[in-house]
Amino acid sequence: YVRQIADAVNGQPAADRADMVIITGNYGEYGALVRYGPPYHLPPVYSGQNALYYLGRPPDSARVALLVVEDADPATLNRGFASCDQVGKLDNEIGIDNEEQSATLWVCRDPRASWTVLWPKFQHYD
């Protein structure tokens with residue numbers, strides 16, 4: 001999954017990567033990126049799940065977010081960002097269903113509000 005997320009990040013223009021963050025939908029994705037992501041030189045990782053929410057929000061300088069989400073309504077995403085494009089789906093390549101399998105990767109650009117305003121919308125407990 002980390003390699004697939006890294007491929008999605010690296011598939012974006014350099015200018016977007018410079019101002020990008022990754023936001024995961026759950027602790028498994030977050031933990032995998034924090035643990036196995038450094039060799040890929042990924043952007044900072046955030047998550048709104050449970051206590052991870054309190055580790056901090058993206059900086060207001062982040063104008064691009066790669067979202068790793070299990071279920072996302074494009075209309076909801078576009079209320080928070082000027083544009084969101086689906087760039088992939090996670091696949092463990094062994095056909096085993098888990099929380100991450102088939103999570104959608106979205107690149108969302110130009111937040112419509114500051115991250116101070118947007119971040120509470122990412123908070124969830126499950």
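In this structure, Gln86 CD and Thr104 OG1 are separated by 5.0 Å, a value rounded to the nearest 0.5 Å. Atoms OG and CG, from Ser83 and Asn78 in turn, are 7.0 Å apart once rounded to the nearest 0.5 Å. Atom CG of Asn50 is separated from atom NE2 of His124 by 7.0 Å, given to the nearest 0.5 angstrom. To the nearest 0.5 Å, atom CD1 of residue Ile5 and atom OG1 of residue Thr24 are 8.0 Å apart. Atom CD of Glu100 and atom NZ of Lys89 lie 13.5 Å apart (nearest 0.5 Å). Atoms CG and CD, on Leu90 and Glu70 in that order, are 8.5 Å from each other to the nearest 0.5 Å.
Screening residues 31-41 for side-chain hydrogen bond (donor to acceptor under 3.5 Å, both in side chains), with sequence neighbours left out, gives no hits.
The ring-ring contact (aromatic ring centres under 6.0 Å, His included) search around Trp119 returns Tyr53, Phe122, not counting sequence neighbours. For the ring-ring contact (aromatic ring centres under 6.0 Å, His included) test, no residue two or more places apart in sequence or in another chain qualifies with Tyr1.
Scanning all heavy atoms of the two residues, the minimum distance from Tyr46 to Val21 falls at CE1-CG1, 3.7 Å. Nearest heavy atoms, Leu118 versus Gly80: CD1-O, 3.9 Å. A pairwise comparison of heavy atoms in Ser61 and Asp19 identifies O-CB, 3.9 Å as the closest pair. In terms of heavy atoms, Trp115 sits closest to Pro58 at CB-O, 3.3 Å.
Residues Ile96 and Val68 do not share a hydrophobic cluster, defined by chaining ILVMFWY side chains whose heavy atoms lie under 4.5 Å apart.
Heavy-atom contacts from other residues, nucleotides or ligands closer than 6.0 Å to NZ of Lys121 number 12 or fewer.
Between the side chain of Asp7 and the backbone N or O of Asn10 there is no donor-acceptor pair closer than 3.5 Å.
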